[in-house]
2 protein chains.
Amino acid sequence: MQEERRKFTRESADERKRALINATLELVADKGVRGATVRGIAERAQVTQGLIRHYFSSKEDLITAAFEYHMTQMTDQTFAPAASVTDSARARLRVFVKSSLEPPVVDPRSIALWAGFLNKVQHDAQMKATHERTYVYFRDQLEALIRAALEEAGIAAAPERLYQLATACNALIDGLWMEGGALPEAFAPGELPQIGLTSVGAIIGLPLEP
Amino acid sequence: MQEERRKFTRESADERKRALINATLELVADKGVRGATVRGIAERAQVTQGLIRHYFSSKEDLITAAFEYHMTQMTDQTFAPAASVTDSARARLRVFVKSSLEPPVVDPRSIALWAGFLNKVQHDAQMKATHERTYVYFRDQLEALIRAALEEAGIAAAPERLYQLATACNALIDGLWMEGGALPEAFAPGELPQIGLTSVGAIIGLPLEP
DNA sequence: AAGCTAATTATACACTTGCATAATTAAGCC
DNA sequence: GGCTTAATTATGCAAGTGTATAATTAGCTT
């Protein structure tokens, strides 16, 4: 009987918040925001529900924090691969398109999270702002990459045309991302990046394929 | 006191079902499937909640019916405009792309519904089947239009290439649809169809703009 | 006009939800 | 080693959830 088990162990605030946020994201992906109950989240994070209120002032607060975390993570995953490429502007654009259309960016969970959060995004001002900021950032990065690649190839493009090219390529990538995530079995591995590279190349008038 | 008001009026089964389904779609778009409660739906349809059980065996059943109805309606809205065009294959493709990127297809409500239903689609086999069928149908129609337009222009394309072109154009349209619905104020009226036509033309190598 | 039947409402129930508040207890400090 | 305090659990509550069942009643038939 000297086996006196601790009833719980204390963790740092960051550790606990991270665990709660991860549990929240899993549940939002699986059941949506309303299906992610405080009891369910607590269970997945291996704590009791009362603890959530200790770290977050409300469920709303936790959801918002989880959303911000997720968006940051998505952005990082998308931009990290291209940032390390220094060969040429064309190569950088190539890597950017490719990594946007591969796991872990393309993933059923990502789509589920996007869909799960959309309601809140449309109603909550702060989340709406975060969402728009992320979209604009992505689009602008893509525009910069396209501009550099075209300049490098000696192709001139007016700002308005550049804007349209970036919007179109952004939509193409988003569409492939969505379809790859929503219908995973419909595409062979490597198919999405290949179609993406060919099509972005066609849109901007500069072949990207190796 | 001779003003004896009826406490309720009887309606045909079809009328009531339609009202309940419309109320369901409104609520799903606004709050998601879990936010669309039977009480909320009944209120919007101007009936008491018990009536839902009289026409649908469960909430699940009502949700499924609403989803089927919505998908059919979306498909009809998308394909009706192009069906009446007989000028040329190119004109038909042009109208198809254009009408896919205008209201009422492009609409915040459409996106909200798509997002609201996605969870169920990923978990419910029947809804998953409906979703995939709609996607494949859309893609195949687009592929047929592209093939006809290319043939008409005397451009040969292997089946595999045709498949890739259709997948890419489909993704582009879906991406623009998504962005137009999720960020309505980010695009001027007519901007999405214009970008769509230019880009589809670039992808398939056959200009579509008037 | 009376009766019948299905459409509709009314009521109830067990369960879940987010949140608040009180009761424990782990772990650093002297 | 005892004290202290914040982290954590335990308990409770009012409101909302889907569903089942009983009670009404509109509108048709004769």
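What's counted below: heavy atoms across the whole structure, side chains too, no hydrogens, waters or symmetry copies. Chain identifiers are assigned alphabetically (A, B, ...) following the order of the sequence lines, protein sequences preceding nucleic acid strands; residue numbering begins at 1 within each chain.
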**Request:** Check the surroundings of atom NZ in A/K31: do more than 12 heavy atoms from other residues, nucleotides or ligands lie under 6.0 Å from it?
**Result:** no
**Strand-adjacent residues in residues 53-63 of chain A, judged by heavy atoms under 4.0 Å from DNA chain C** = A/R53, A/S58, A/K59
**Request:** Of all the heavy-atom pairs spanning B/W177 and B/S110, show the shortest one and how long it is.
**Result:** CZ2-CB, 3.9 Å
Every protein N/O within reach of nucleotides 28-30 of chain D N/O, cut-off under 3.5 Å:
none

**Fill in**
As a check of understanding: the bend across the helix from C/dA1-D/dT30 to C/dC30-D/dG1, end axes from five pairs, rounded to 10 degrees, works out to 0°
**Item:** Donor-acceptor side-chain pairing of A/T130 and A/Q126 below 3.5 angstrom
**Value:** no
**Prompt:** Does any non-hydrogen side-chain atom of A/L192 lie less than 4.5 Å from one of A/E179?
**Reply:** no
**Message:** What I want to find out is whether B/E43 reaches B/R39 closely enough, with some N-O distance under 4.0 Å, to be called a salt bridge.
**Reply:** no
**Request:** Using heavy atoms and a sub-4.0 Å distance, could you list which residues of residues 9-17 of chain B are near DNA chain C? By number, please.
**Result:** B/T9, B/R10, B/E11, B/R16
**Message:** Using whole Å, what does the distance between atom C1' of nucleotide C/dG18 and atom CG of A/L51 come to?
**Reply:** 16 Å
**Item:** Salt bridge flag under 4.0 Å for residues A/K128 and A/E132
**Value:** no
**Message:** On the nucleotide C/dT25, are OP1 or OP2 found under 4.0 Å from the side-chain N or O atoms that A/K7 carries?
**Reply:** yes
**Request:** Check salt bridge (Lys or Arg N to Asp or Glu O under 4.0 Å) between B/E102 and all other residues, then give those that pass, not counting sequence neighbours.
**Result:** B/K98
**Donor-acceptor side-chain pairing of B/Q194 and B/T198 below 3.5 angstrom** = yes
**Prompt:** Are A/D124 and A/I63 close enough, and set up right, to give a side-chain contact (heavy atoms from CB on, under 4.5 Å), and what steps lead you there?
**Reply:** CA-CA 11 Å; A/D124 181 291; A/I63 294 290; over 6 Å; no
**Message:** As a quick check of understanding, evaluate side-chain contact (heavy atoms from CB on, under 4.5 Å) for B/F117 and B/L25, giving each step before the final call.
**Reply:** CA-CA 10 Å; B/F117 279 125; B/L25 290 176; 3.9 Å; yes
**Prompt:** Could you go step by step and tell me if A/V200 and A/I146 meet the side-chain contact (heavy atoms from CB on, under 4.5 Å) rule?
**Reply:** CA-CA 10 Å; A/V200 167; A/I146 293 172; 5.6 Å; no
**Message:** B/L113 vs B/F67, test: side-chain contact (heavy atoms from CB on, under 4.5 Å). Steps then yes/no.
**Reply:** CA-CA 9 Å; B/L113 276 174; B/F67 180 66; over 6 Å; no
**Item:** Lys/Arg N to Asp/Glu carboxylate O, A/E60 vs A/K120, below 4.0 Å
**Value:** yes
**Asked** What heavy-atom pair brings A/A23 and A/I41 nearest, and what distance separates the two atoms?
**Response** CB-O, 3.6 Å
**Request:** Give a yes or no on this: more than 12 heavy atoms of other residues, nucleotides or ligands lie within 6.0 Å of atom CD of B/Q46.
**Result:** no
**Integer-rounded Å distance: C/dT17 C1' and A/R34 CZ** = 12 Å
**Request:** Within residues 39-49 of chain B, find the residues that approach DNA chain D with a heavy atom at under 4.0 Å, and present them sorted by residue number.
**Result:** B/R39, B/Q49
